[in-house]
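Here is the structure we will look at.
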Amino acid sequence: MNNQNPVFIPGPTNIPDRLRRAMSIQTIDHRAPDFADILDPLYNDLKKEFKTEDGSVIMFPSTGTGGWEASIVNTLSPGDKILIARYGMFSHRWIDLCQRHNLDVEIIECEWGTGAPTDLFAARLAKDSNQEIKAVLVTHNETATGVKSDIAGVRKALDASNHNALLFVDCVSSLASMDFKMQEWGVDLAVSGSQKGFMLSAGLAIVGVSPKTKVAMETATSPRCFFDFKDMMTANQNGGYPYTPPVQLLVGLRESLDMLFEEGLDNVFARHFRLAEGIRQAVAAWGFKLCAKNPDLYSDSVSAIYVPDGFDSNVLTDHLYDAYDVSFGIGLGEMNKIAFRIGHLGSLSDVMALAGIATIEMAMKDLNYPIELGSGVAAAQEYYRNSR
Ligand SMILES: *Cc1c(COP(=O)(O)O)cnc(C)c1O
């Protein structure tokens, strides 16, 4: 395996040298009095990332999946009704997790490649006059299909019927790469992780919590221990953790936030848009189609791309790895074998994106795809040159 090549999987993402160096440190005593000097600024700066002033942020040694579990067990009770749409592998997995926690999960099935169905949500919520639905769950950026959903639209759907349900959003593959407005969108619980936009390894579930969620915690009866928000908040207020935190990752997160703020969040989002758009130009030049059904849905952190009929996308990603030592995302769930994914979030430049596009072309040519070497590269080159 060539460890100079970037990865083009949509998480874990490339870890810049600066972050790898920052994390190469001796153990820090998390019970020492000055541990709070690391923790407090992290939480304050994460609030800027989530764009919340009245909310709080907490972090668990875990991954995004742990963040999902934490969201459910702290706010709901077994048997509670929740509303969620399935439009990709990640929304599917969140559904599965809720079902295993014995929630009453009402699912709106959507075609993969579409996003959160705001109209269907609005219609269903309007009919729920007894307010039986306790929470609406939405995946902001469906990493399996490269689809971004309209969270403000879901908030509108809730408000239109004066519905009191909590709004939970998975922003694991969007936070710190695409704009996220927790407070403006009225998000009650936002789940993210360290290994995507934050450019770190997996190991932190990063969760934003609204004041309304703190109230819901008081009456939720689902059993919880490791993921208990209250234990975590109390320990954090006293400058510590209820158990051992991954201190190297926390120090890495400090450096990551510094990098993101030095670049400027708006510039970070603009860079992700540019990188994504160049890749979309390449895909169009190849004559291939994105899984995302229309431009409003295009994700700036990952593109899922259909391969032409008769080809197997797993053979393509295997060949890329075997022949060229480079990883791209496979098609997940319904997209398996028919689509592959380019992760373009985190630490990525025009140069890296062009190398990825060029290597895909070589692998496709090797596998007798109908492709002209350089066609996608040229389209991306023109776009990158002209959009600087
Ligand atoms: C990566 C990801 C997750 C979480 O996965 P983990 O492997 O548990 O970190 C959840 N949702 C989305 C949309 C993701 O992209």
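Computation of the quantities below employed the complete heavy-atom set of this structure, encompassing side-chain atoms and omitting hydrogens, waters and symmetry-equivalent molecules. Order of appearance sets the numbers: ligands from 1, and atoms from 1 within every ligand. Throughout, residue positions are numbered sequentially from 1 according to the sequence presented.
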For residues 277-290, dump all side-chain donor-acceptor pairs below 3.5 Å to protein atoms at least two apart in sequence or in another chain.
unit_1, atom_1, unit_2, atom_2, d
Glu277, OE1, Arg280, NE, 3.0
Glu277, OE1, Arg280, NH2, 3.1
Glu277, OE2, Gln281, NE2, 3.1
Arg280, NH1, Ser299, O, 3.0
Arg280, NH1, Asp300, OD1, 3.3
Arg280, NH2, Asp300, OD1, 3.1
Trp286, NE1, Glu361, OE2, 2.9

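The 4.0 Å heavy-atom shell around ligand 1 contains residues Thr63, Gly64, Thr65, Trp68, Phe90, Thr139, Asn141, Thr143, Asp170, Val172, Ser173, Gln195, Lys196, ordered by chain and number.
Side-chain atoms of Leu204 and Pro61, non-hydrogen and from C-beta on, never get closer than 4.5 Å to each other.
Tyr383 pairs by the ring-ring contact (aromatic ring centres under 6.0 Å, His included) definition with nothing, not counting sequence neighbours.
Ring centers of Phe226 and Tyr243: under 6.0 Å apart, within the cut-off.
Applying the side chain to side chain donor-acceptor pair (under 3.5 Å) rule to pairs touching residues 185-203 yields Asp188-Ser210, sequence neighbours excluded.
Between Glu69 and Arg224 there is no salt bridge, since no side-chain nitrogen of the basic residue lies less than 4.0 Å from a carboxylate oxygen of the acidic one.
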